[in-house]
Amino acid sequence: MDCDKCDREAVMHAAYSGLHLCDDHFCRSVEKRLRRRIRDDDLLPASATPDDPQVWLIGLSGGKDSVVLTKILHDTFTEDPRIELLALTIHEGIEGYRDKSLDACLELTDDLDIRHEVVSYEEEFDLRMDDVVQKDPESMAACAYCGVFRRDLLSKYAEEYGADKLLTGHNLDDEAETALMNFLEGDVAQVAKHFDASLAGFDERSEQDEFVPRAKPLRDVPEKEVALYAHLENLPAHITECPHSSEAYRGEIQKLMLSLEENHPGTRHSIMAGYEELAKLAADEFGAGEGKRELNECERCGAATTRDVCRKCALVDAIHAA
């Protein structure tokens, strides 16, 4: 099958759009969607100047999504003095897994000449995820612990490095699955949090200064297309599932989503289009607007929290006590 844009052989067919694209037109399509999302979400404010540039911190795990995000952001802004890119990798302490993905991060950032910082659970919390899984004092999935720790470190270092934005590599599948999970769980407050955590433009959170705003520029691109882009661009992505990954419910949602998309192409895009509108309404009612929540400082680490002791510190204490 030929590419719909030229006479070269197509490397992919997007059922949701009907397009057949060659390697070059496909890669340009992915880049175009990411750059359009940056514009639509107004990530680069008019106030950014070469003398007062924006600092964008990228959560770089070494997986396909964050590697592709980093590469396209570099290619887009490397000659733009209004943007400074900084990559942060978090080492969770998972034997035989994170070391290999860290190698991918180092190869990529060296090749692109991007400043790269590495922090670890062991240095920050005096624990490793391998040990957390064995102790499991809260009887939770490993991903539940890890999610809390990762979010804490991303927020902490985004502030420490003076970042204006924190960018993560969430793709369309990730966001659509989260949206569907929130719907099925009937968790309106979580829908509001999802919106406040960067589903929409930053004008909605312009008065919030508790956290560095987050952005997900890849959220319009399906997971398989991100993987194909990484392959075609020969990027050093470490595409291996975490050995502690055990989000059974998300796995069920993922299978459902793939089935719906196969039978009804465009389902993921439709879910997100409606979800973002509804999430905005939820955020207006339950989110971080004036009077909606009251944040304190954690008694242990000083992080913003609605509790006396933040969730991260409570989990660290429980793990060390086990």
Side-chain angles (χ1 to χ4, degrees), residues 1-41 43-44 56 58-80 83 85 87 100-101 103-114 116 167-177 215-241 254 257-270 272-273:
M1 183 69 67
D2 289 339
C3 174
D4 291 331
K5 304 289 186 179
C6 66
D7 59 0
R8 298 179 63 212
E9 181 180 359
V11 298
M12 65 85 66
H13 171 236
Y16 57 86
S17 67
L19 284 175
H20 296 82
L21 297 175
C22 66
D23 53 355
D24 184 63
H25 281 105
F26 165 72
C27 289
R28 302 298 82 75
S29 170
V30 172
E31 294 159 3
K32 180 179 179 180
R33 279 173 279 172
L34 185 148
R35 291 163 182 160
R36 182 177 60 210
R37 176 52 62 189
I38 289 174
R39 290 194 301 272
D40 289 349
D41 284 357
L43 298 190
L44 181 56
W56 288 2
I58 305 167
L60 178 61
S61 69
K64 63 186 185 309
D65 302 304
S66 63
V67 164
V68 167
L69 173 64
T70 302
K71 174 64 162 61
I72 299 177
L73 288 174
H74 169 269
D75 291 352
T76 301
F77 294 107
T78 187
E79 300 297 331
D80 191 333
I83 296 293
L85 297 178
K100 293 181 180 179
S101 59
D103 289 341
C105 296
L106 293 170
E107 181 180 344
L108 180 72
T109 52
D110 284 348
D111 182 57
L112 301 180
D113 193 25
I114 291 177
H116 180 220
L167 280 61
T168 60
H170 292 78
N171 59 52
L172 176 62
D173 295 58
D174 295 329
E175 293 299 283
E177 289 162 14
K216 303 169 184 177
L218 270 179
R219 73 176 194 267
D220 297 319
V221 184
E223 182 176 20
K224 287 185 177 180
E225 294 185 25
V226 176
L228 179 57
Y229 183 96
H231 172 71
L232 293 173
E233 291 290 328
N234 195 30
L235 299 178
H238 181 233
I239 306 177
T240 302
E241 186 174 359
Q254 184 179 54
M257 186 72 69
L258 291 173
S259 177
L260 287 170
E261 186 67 31
E262 183 176 356
N263 296 325
H264 309 281
T267 294
R268 292 165 299 190
H269 294 84
S270 297
M272 290 311 301

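The residues of the chain are indexed from 1 along the displayed sequence.
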- Aromatic plane relationship, F77 with W56 - under 30° parallel, 30 to 60° tilted, over 60° perpendicular: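 Ring orientation, 0 to 90° scale: perpendicular.
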Between [Y] and [X], does any NZ, NE, NH1 or NH2 come within less than 4.0 Å of an OD or OE carboxylate oxygen?
{"X": "R28", "Y": "E233", "answer": "yes"}
{"X": "E225", "Y": "R33", "answer": "yes"}
{"X": "R8", "Y": "D23", "answer": "yes"}

Does the side chain of [X] reach to within under 4.5 Å of the side chain of [Y], using non-hydrogen atoms?
{"X": "L73", "Y": "I83", "answer": "no"}
{"X": "V221", "Y": "N171", "answer": "no"}
{"X": "T76", "Y": "I38", "answer": "no"}
{"X": "V68", "Y": "L235", "answer": "yes"}

For [X] versus [Y], what's the shortest heavy-atom pair and its separation?
{"X": "K64", "Y": "A230", "answer": "CB-CB, 4.5 Å"}
{"X": "L43", "Y": "P217", "answer": "CD1-CG, 4.2 Å"}
{"X": "G169", "Y": "D65", "answer": "O-CB, 2.9 Å"}
{"X": "A87", "Y": "I114", "answer": "N-CG2, 4.1 Å"}
{"X": "P236", "Y": "A104", "answer": "O-CB, 2.6 Å"}

To the nearest 0.5 Å, tell me how far [X] [atom1] sits from [Y] [atom2].
{"X": "T168", "Y": "L69", "atom1": "OG1", "atom2": "CG", "value": "7.5 Å"}
{"X": "L258", "Y": "K224", "atom1": "CG", "atom2": "NZ", "value": "6.5 Å"}
{"X": "S29", "Y": "D24", "atom1": "OG", "atom2": "CG", "value": "11.0 Å"}
{"X": "D40", "Y": "R35", "atom1": "CG", "atom2": "CZ", "value": "14.5 Å"}
{"X": "D110", "Y": "H116", "atom1": "CG", "atom2": "NE2", "value": "9.0 Å"}
{"X": "T70", "Y": "D75", "atom1": "OG1", "atom2": "CG", "value": "10.5 Å"}

- Residue pair H20, D2: steps toward the side-chain contact (heavy atoms from CB on, under 4.5 Å) verdict: CA-CA 7 Å; H20 296 82; D2 289 339; over 6 Å; no
- Query: Does NE2 in H231 sit with more than 12 non-hydrogen atoms of other residues, nucleotides or ligands closer than 6.0 Å?
  - Reply: no
- Task: Kindly check if the number of other-residue, nucleotide or ligand heavy atoms within 6.0 Å of CG (N263) is above 12?
- Result: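 More than 12 within 6.0 Å, yes.
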- Among R36, K216, R219, the one residue meeting side-chain hydrogen bond (donor to acceptor under 3.5 Å, both in side chains) with D41: R219
- Item | S61 backbone acceptor or donor facing S66 side chain under 3.5 Å | yes
- Query: For G266, does its backbone N or O pair with a side-chain atom of E261 as donor and acceptor, under 3.5 Å?
  - Reply: yes
- Message: Run R268 and M272 through side-chain contact (heavy atoms from CB on, under 4.5 Å) and show every step you take.
- Response: CA-CA 6 Å; R268 292 165 299 190; M272 290 311 301; 5.8 Å; no
- Item | Evaluation steps, side-chain contact (heavy atoms from CB on, under 4.5 Å), between T240 and K100 | CA-CA 10 Å; T240 302; K100 293 181 180 179; over 6 Å; no
- Would you please name every residue forming a salt bridge (Lys or Arg N to Asp or Glu O under 4.0 Å) with D220, sequence neighbours left out?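 Salt bridge (Lys or Arg N to Asp or Glu O under 4.0 Å) check on D220 returns R37.
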- Message: Test side-chain contact (heavy atoms from CB on, under 4.5 Å) on L21 and K5; report intermediate values, then the result.
- Response: CA-CA 7 Å; L21 297 175; K5 304 289 186 179; 3.8 Å; yes
- Task: Evaluate side-chain hydrogen bond (donor to acceptor under 3.5 Å, both in side chains) for E31 paired with Y229, printing each intermediate quantity in order.
- Result: CA-CA 9 Å; E31 294 159 3; Y229 183 96; 2.6 Å; yes
